[in-house]
Protein chains: 2
Amino acid sequence: MNPFRTKPNPITDDGDGLTFCSSCAFAGVCHSEGYDKSALQELHCLVQHVGPYPAGTLLFREGDPFNAIAAVRSGMVKTFRIDASGRKQVLGFFLLGEIIGLDAIHSARFPCNAVALDTVSLCRFSFPMMATLATRMPGLQTQLFRLLSQDINKAAAMAGDFSADERMAAFVLSISRRFASRGFSPNRFALSMSRTDIGNYLRLAAETVSRVVRRFQDEGLLLVDRREFEILDMARLRCLALPLLRE
Amino acid sequence: MNPFRTKPNPITDDGDGLTFCSSCAFAGVCHSEGYDKSALQELHCLVQHVGPYPAGTLLFREGDPFNAIAAVRSGMVKTFRIDASGRKQVLGFFLLGEIIGLDAIHSARFPCNAVALDTVSLCRFSFPMMATLATRMPGLQTQLFRLLSQDINKAAAMAGDFSADERMAAFVLSISRRFASRGFSPNRFALSMSRTDIGNYLRLAAETVSRVVRRFQDEGLLLVDRREFEILDMARLRCLALPLLRE
DNA sequence: CGGACCCTTGAATTATGTCAAAAGGGGTGG
DNA sequence: CCACCCCTTTTGACATAATTCAAGGGTCCG
């Protein structure tokens with residue numbers, strides 16, 4: 001009955017001292033530039049594998065001193081902050097290979113909290129060491145600039161004025177693409193976050209998320225069972241999400 | 001009758017080969033690190049003064065190849081994009097010393113348009129050259145990282161779910177602070193953008209901007225004459241803007 | 001002096017939020 | 001294996017902030 005029985009099989013290699021995990025945002029930094037093995041070793045030296053942390057673990061909290069960024073090695077992470085009037089704003093969900101903490105560079109403190117949505121392992125990169133290394137590895141510096149710049153664009157896209165339908169469509173499509181680029185199915189995936197979290201991320205009430213998802217199902221766009229999603233009409237979804245899509 | 005007769009007097013020095021314009025985002029990069037004069041000269045060598053451009057000049061447009069960032073030397077710049085359904089989203093307003101173009105690094109193309117809101121002069125920095133220089137000047141690299149990270153936070157703040165009052169209060173306060181840090185009055189300033197632009201930035205209809213401004217006046221928070229603003233009750237304004245404020 | 005544009009104001013509409021309650025799973029313990 | 005409880009999700013009814021539509025009034029500029 002459940003159409004989501006078959007789960008995608010994560011390919012989470014740990015790197016071998018010469019290459020990074022294939023899905024990591026830093027994969028390719030070296031090879032593209034033809035760096036020698038010593039530089040590569042250096043990059044690996046400043047990586048620290050941490051975790052696994054069980055679902056619900058608070059990875060860092062707002063105000064914590066910043067000293068490292070992290071790439072998700074497995075699981076899913078949510079970042080959020082609680083504003084002055086107690087409202088929760090979800091800033092992002094981070095999938096395999098995505099980088100957490102770039103927003104903390106500015107003030108040298110984390111501007112938000114991060115929590116594991118399921119069992120999470122991370123690669124921790126000392127940022128001071130990485131910045132130093134980046135002075136000797138222009139490719140690494142470039143990649144850091146690009147990642148930072150990309151996050152500006154992501155945040156700006158969320159800041160736009162879009163309808164609930166557009167936001168929801170863009171959200172589903174974004175997850176789909178990010179899973180797809182990591183070798184998972186673009187059509188079927190399981191989300192780890194609650195409707196409330198999705199709502200706080202998309203700036204919608206949880207009830208609105210629920211209603212939009214229902215309507216998308218009624219209209220044949222999606223097939224949803226609890227937190228498992230199947231995209232039935234990618235084209236129409238993309239069409240809806242068009243105003244928000246930015247890459 | 002007009003309470004805004006006295007205009008603030010801009011202090012826009014042009015640098016002298018040893019120091020940068022005092023309000024520029026790159027001011028202090030060198031001195032803080034004790035670099036020698038040659039490094040400083042290099043930084044100055046990659047700066048190109050451009051403009052002045054009259055109000056309405058399109059400085060770059062979405063899709064243009066990216067090769068340089070720019071600091072505002074005088075005037076005010078607006079960046080915006082038109083989404084797939086024709087809606088205009090204003091991404092930011094840039095004051096004296098603020099850096100435009102950091103969001104273009106990621107894709108090597110400008111993701112938005114930029115237009116001069118009044119007479120605008122810029123300092124243009126070749127980004128490839130700057131990045132190269134940053135490998136030899138850690139202080140410059142750090143500053144670039146910080147500026148990029150700051151922009152993530154700015155964009156994320158705009159992405160939150162706030163009322164029209166909160167957004168408007170935060171907007172006025174933000175302008176006030178930015179003017180103040182450049183030596184202008186925090187209490188009186190003239191905006192160069194239309195209500196429509198403010199609305200597109202704050203994700204509000206122009207009519208809503210107008211109504212909120214009126215109410216703020218009725219409540220004694222502001223004194224507004226066309227595009228000239230005077231803040232009468234900074235404390236209450238700050239209180240309103242609290243949920244949005246982030247630095 | 002005319003025209004264009006911007007801003008303001010009012011009235012009606014609407015998308016989304018809020019409140020409340022019920023339904024559905026999943027886990028736990030008997 | 002069932003009964004119960006807790007938590008998330010769904011659904012409905014209602015409330016409301018903000019938009020939209022429409023008109024009028026200022027102001028600036030040619």
Side-chain angles (χ1 to χ4, degrees), chain A residues 1-5 54-56 78 83 85-90 115 117-118 160-169 171-172 190-218 222-229 240 243-244, chain B residues 1-2 4-5 54-56 78 85-90 115 117-118 160-171 190-218 222-229 240 243-244:
Chain A
M1 198 51 205
N2 183 329
F4 300 94
R5 189 57 47 87
K78 165 184 82 174
D83 76 23
S85 39
R87 287 169 294 190
K88 179 172 172 178
Q89 179 186 4
V90 171
V115 65
L117 288 176
D118 43 29
D161 185 22
F162 304 105
S163 71
D165 284 23
E166 290 166 336
R167 303 186 96 80
M168 194 64 212
F171 172 72
V172 173
L191 300 179
S192 309
M193 73 292 278
S194 69
R195 298 287 192 265
T196 303
D197 282 340
I198 297 175
N200 285 340
Y201 178 60
L202 299 179
R203 213 194 299 146
L204 300 171
E207 293 93 328
T208 304
V209 173
S210 188
R211 278 184 258 261
V212 172
V213 167
R214 156 133 307 286
R215 193 153 32 73
F216 280 3
Q217 284 192 87
D218 294 346
L222 293 178
L223 184 59
V224 180
D225 175 41
R226 301 191 57 69
R227 295 184 179 182
E228 309 203 298
F229 282 60
L240 266 173
L244 233 147
Chain B
M1 197 52 205
N2 182 329
F4 301 94
R5 189 56 49 84
K78 165 184 85 175
S85 38
R87 286 169 294 192
K88 179 171 172 178
Q89 180 187 2
V90 171
V115 66
L117 288 178
D118 43 29
D161 186 22
F162 304 104
S163 72
D165 284 21
E166 290 166 336
R167 304 186 95 80
M168 194 65 213
F171 172 72
L191 301 179
S192 309
M193 72 293 277
S194 68
R195 300 286 192 265
T196 303
D197 282 340
I198 298 175
N200 285 340
Y201 177 62
L202 298 180
R203 213 194 298 143
L204 300 170
E207 293 94 327
T208 304
V209 173
S210 188
R211 279 184 258 261
V212 172
V213 168
R214 156 133 306 287
R215 193 152 33 73
F216 280 3
Q217 285 192 86
D218 293 346
L222 294 179
L223 183 59
V224 180
D225 174 42
R226 301 191 57 68
R227 294 182 179 182
E228 309 202 298
F229 282 60
L240 265 173
L244 233 149

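Below, read A as the first sequence line, B as the second, and so on, with proteins coming before strands; counting in each chain starts at 1.
Between the side chain of Arg227(B) and the backbone N or O of Ser192(B) there is at least one donor-acceptor pair closer than 3.5 Å.
Counting non-hydrogen atoms under 4.0 angstrom, Arg167(B) reaches nothing in the nucleic acid.
By the side chain to side chain contact (heavy atoms under 4.5 Å, CB included) test, Arg87(B) pairs with Phe162(A), Glu166(A), Pro243(A), Asp83(B), Ser85(B), sequence neighbours left out. Every residue two or more places apart in sequence or in another chain that forms a side chain to side chain contact (heavy atoms under 4.5 Å, CB included) with Ala170(B) is listed here: Ala241(B), Leu244(B), Leu245(B). Checked against salt bridge (Lys or Arg N to Asp or Glu O under 4.0 Å), Asp165(B) has the following partners two or more places apart in sequence or in another chain: Arg215(B). Asp118(A) pairs by the salt bridge (Lys or Arg N to Asp or Glu O under 4.0 Å) definition with nothing, not counting sequence neighbours.
From Leu222(B), atom CG reaches atom CZ of Phe229(B) across 6.5 Å, with rounding to the nearest 0.5 Å.
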Give the dot-bracket line for DNA chain C from 5' end to 3' end: parentheses for intra-strand Watson-Crick or G-U pairs under 3.5 Å, square brackets for crossings, | for inter-strand pairing, dots for unpaired. |||||..|||||||||||||||||||||||

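Nucleotides of DNA chain C lying under 4.0 Å from heavy atoms of chain B occupy a range whose first and last members, 5' to 3', are dC6(C) to dA11(C). Mapping heavy-atom proximity under 4.0 Å, the span of DNA chain D touched by chain B runs 5' to 3' from dA18(D) to dT27(D).
Within residues 204-218 of chain B, the residues approached by DNA chain D to less than 4.0 Å at the level of any non-hydrogen atom are Leu204(B), Ala205(B), Glu207(B), Thr208(B), Arg211(B), in residue-number order.
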Would you check, one step at a time, whether the test side chain to side chain contact (heavy atoms under 4.5 Å, CB included) holds for Phe216(B) with Leu240(B)? CA-CA 11 Å; Phe216(B) 280 3; Leu240(B) 265 173; 3.7 Å; yes

Can you list, pair by pair, the side-chain donor-acceptor contacts under 3.5 Å of residues 197-213 of chain A, counting residues two or more places apart and other chains?
residue	atom	partner	partner atom	Å
Asp197(A)	OD1	Lys78(A)	NZ	3.0
Asp197(A)	OD2	Lys78(A)	NZ	3.2
Arg203(A)	NE	Ala159(B)	O	2.9
Arg203(A)	NE	Gly160(B)	O	3.4
Arg203(A)	NH2	Met158(A)	O	2.4
Arg203(A)	NH2	Ala159(B)	O	3.2

